[in-house]
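Structure first, commentary second.
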2 protein chains.
Amino acid sequence: MTVSRVLRGGSGFSDDTRTRVMQVAERLGYIPNRLAAAFGAEQASSLVGMCVPRLTSGLFGHVLDGVDRALTRLGFQLMIGANNHATDEEEAWVRQLVSWRPAGVILSGRTHSPGTVDLLRKTALPVVEIWDLTTSPIDMAVGFSHHDCGAEMGLHLIRRGRRRAGFVGALARADVMGAARLDGFRAALAQAGHPLTDAEVLHDAPGFYAGYYGMETLLSRRANLDAVYFHNDEMAIGGLAFCQARGLRVPEDIGIAGWGGMEAASILPRRLTTTMVPTTAIGKAAAEALVARLTGAMVPEVTVVPTRLVPGETV
Amino acid sequence: MTVSRVLRGGSGFSDDTRTRVMQVAERLGYIPNRLAAAFGAEQASSLVGMCVPRLTSGLFGHVLDGVDRALTRLGFQLMIGANNHATDEEEAWVRQLVSWRPAGVILSGRTHSPGTVDLLRKTALPVVEIWDLTTSPIDMAVGFSHHDCGAEMGLHLIRRGRRRAGFVGALARADVMGAARLDGFRAALAQAGHPLTDAEVLHDAPGFYAGYYGMETLLSRRANLDAVYFHNDEMAIGGLAFCQARGLRVPEDIGIAGWGGMEAASILPRRLTTTMVPTTAIGKAAAEALVARLTGAMVPEVTVVPTRLVPGETV
DNA sequence: AAGAAAAAAGTTATCGATAACATAGACCGT
DNA sequence: ACGGTCTATGTTATCGATAACTTTTTTCTT
């Protein structure tokens, strides 16, 4: 017990004892067994789980980074998983995670299987849902509205005089967040009296290639489009590449807009019109909300981290 | 014990008992406590730790993805950390990880603090070092030689008639792998009789901006360069953007080469000359080597996953 | 110096899964 | 019916940290 007290930095031991314990621990190369500590203790462990749609997404890399930095600073360890936009994969992962008795969980998105919600409610684990806001989170939510992002961009295109806008997405599986942007975009255009002309949604990873070929497909169907809103910046850059290859002038012949605020988007020959998403800030806020909840602090149910539409030179 | 046997799918129980156990487990929403299992058992847990330089790197995102997919399939959970290219941060992370008594560790790079190596040796944990090959790994290594990548690109530039080559890097902290590429590049050029003209190494994150401004700096010092090799593709694209902004023709006036095989690099107006790195394959191979070692199979100490120089249209 | 109070150190029980061992029951051939 | 063999089920001890409690030692007060 004295050793345990010293190593955890509590009180109830003399300086002399502390020194001796430290020396022996050092000499033996003693490494505490967190497994035993977490197992025995009634209280929360220092393990946090986080599930992202895909580990290869540039945006989520930054979110992960924000979460990891915050958690490391606060003395937590991060366990990650990917759900590939499938709620059943997420449920399988959450089930595994819960068996490790973590202190909390960070999920991405607002859509979860009933089993996942049930499980998390039953275990009463602190949960932060990030990325897409929901008004009734399982526990806490940190993010922004994808619907509003789409609507804002729709309005922006209208204001810039665009009248025949299209959309190119790559909603692999059920990427409901990309779909929410499309919904918002469509709604804003309709409200302005110039409804969405056409949408091409590929069943593919949302990368440069998908943008390139999605643009090609869309233009082959509707040659008279004057703007295209892409699922994300990578796809928009792919679309831009297609325009250059075809000799289409941007923004004179056609406007291009992306989403996500990829670094490359601001350094292209023409700065891409896009929406900046504060990825790292979201990760940081999510980690801090989780830890605050653990320490018993009051935490707002929903934290809005605003996005910012950046008018570039492509619309 | 009967319940434990049933849930782990062993033998020594009747079909009737299995059914009853399953039903009750289902009804109670029973979730096994892996903490207790991993704690009590002498044998390895189903936890694997992985440390990457930065979570925001596109390449490492793919490596993580490869590792995660393979481990999930094999029934393991992944704990991650970032070392920001600092061996002491890596050591701190490894120390935390080891206290969770994981089944194995995946580290990136061949450079580790003596404390890290000591700790891993002492705990006799299976270790896979990925990304940069070493001839004497702590335990196992999966990757390729960065030095060779640089040398190969040096030779390629020489063969394409380039005689005054420069290098632009962004070796944040101690990115020894980028430095290894520069070493190989420099050696190959020197051997061919046309030594490296100049190198600009920024202390910054290796992204588009750094490439753009690194190129600007390098050209302001040496206007007569006929080729520049970049730390990675993102920086090369940044450099390319600078050339376009300045009206420099690529590859006529100056050649540009990158590294990493970023997806965007193959869809740019001019396909970037770069080196493709089989990121996902490395992750998969690392995970499989680790698990093979755990099951007692013979595992080669060093697994070479070859890179491929892709001649594009920028040199 | 005696006794109270505080500080330091020690003891026991606990968490849940499971290895190792023990027992109960089923089924067999003779 | 009896021992032998096999299968199904049960019992005990264990892993390491630590909460809760007890005992020992030190310090302080009058």
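Throughout, protein chains are lettered first and strands after them, A, B, ... in sequence-line order, and every chain is numbered starting at 1.
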Pick the nucleotide of DNA chain C nearest each of Ala36(A) and Ser14(A); which residue has the one closer to the 5' end?
Ser14(A)

So, OP1 or OP2 of dA17(D): does either fall under 4.0 Å of a side-chain N or O from Ser4(A)?
no

Whether Tyr30(A) contacts dA17(D) is assessed here as follows: a side-chain N or O lying under 4.0 Å from the phosphate OP1 or OP2. Is that the case?
yes

Atom-pair distance (CZ on Phe39(A); C1' on dA19(D)), nearest Å:
14 Å

Taking 4.0 Å as the cut-off, does a side-chain nitrogen or oxygen of Thr17(A) come that near to OP1 or OP2 on dA8(C)?
no

In terms of ring plane angle, is the pair Phe60(B) and Trp131(B) parallel, tilted or perpendicular, where the classes change at 30° and 60°?
tilted

Starting from the 5' end of DNA chain D, give me the residue, Asn33(A) or Phe13(B), whose nearest nucleotide shows up first.
Phe13(B)

Residue closer to the 5' end of DNA chain C, Arg20(A) versus Arg8(B) (nearest nucleotide):
Arg20(A)

Separation of Met1(A) atom CE from dT14(C) atom C1', in whole Å?
13 Å

Looking only at N and O atoms, is any donor in the side chain of Arg5(B) or the base of dG10(D) less than 3.5 Å from an acceptor on the other one?
yes

Base, sugar-phosphate alone, or nothing: which one does Ala37(A) contact when heavy atoms must sit under 4.0 Å apart?
sugar-phosphate

When you check the phosphate oxygens OP1 and OP2 of dG10(D), does a side-chain N or O of Thr2(B) lie under 4.0 Å from one of them?
yes

Is the backbone N or O of Pro53(B) less than 3.5 Å from a side-chain atom of Ser57(B), with the two atoms forming a donor-acceptor pair by type?
no

Just by modelled atom types, is the Pro206(B) backbone N or O under 3.5 Å from a matching donor or acceptor in the Asn232(B) side chain?
yes

How many whole angstroms separate atom CG of Leu7(A) from atom P of dG16(D)?
15 Å

Tell me: CG of Leu35(B) to P of dT18(D), nearest whole Å?
13 Å

Run the salt bridge (Lys or Arg N to Asp or Glu O under 4.0 Å) check on Arg121(A) and Asp139(A) step by step: do they pass?
CA-CA 9 Å; Arg121(A) 284 255 161 77; Asp139(A) 184 17; over 6 Å; no

Indicate yes or no for a side-chain donor-acceptor contact from Arg110(B) to the backbone of Leu133(B) under 3.5 Å, with no hydrogens or angles considered.
yes

Value in whole Å for how far the C1' atom of dA17(D) lies from CH2 of Trp100(B)
12 Å

Find the distance Leu28(A):CG to dG16(D):P and express it as a whole number of Å.
14 Å

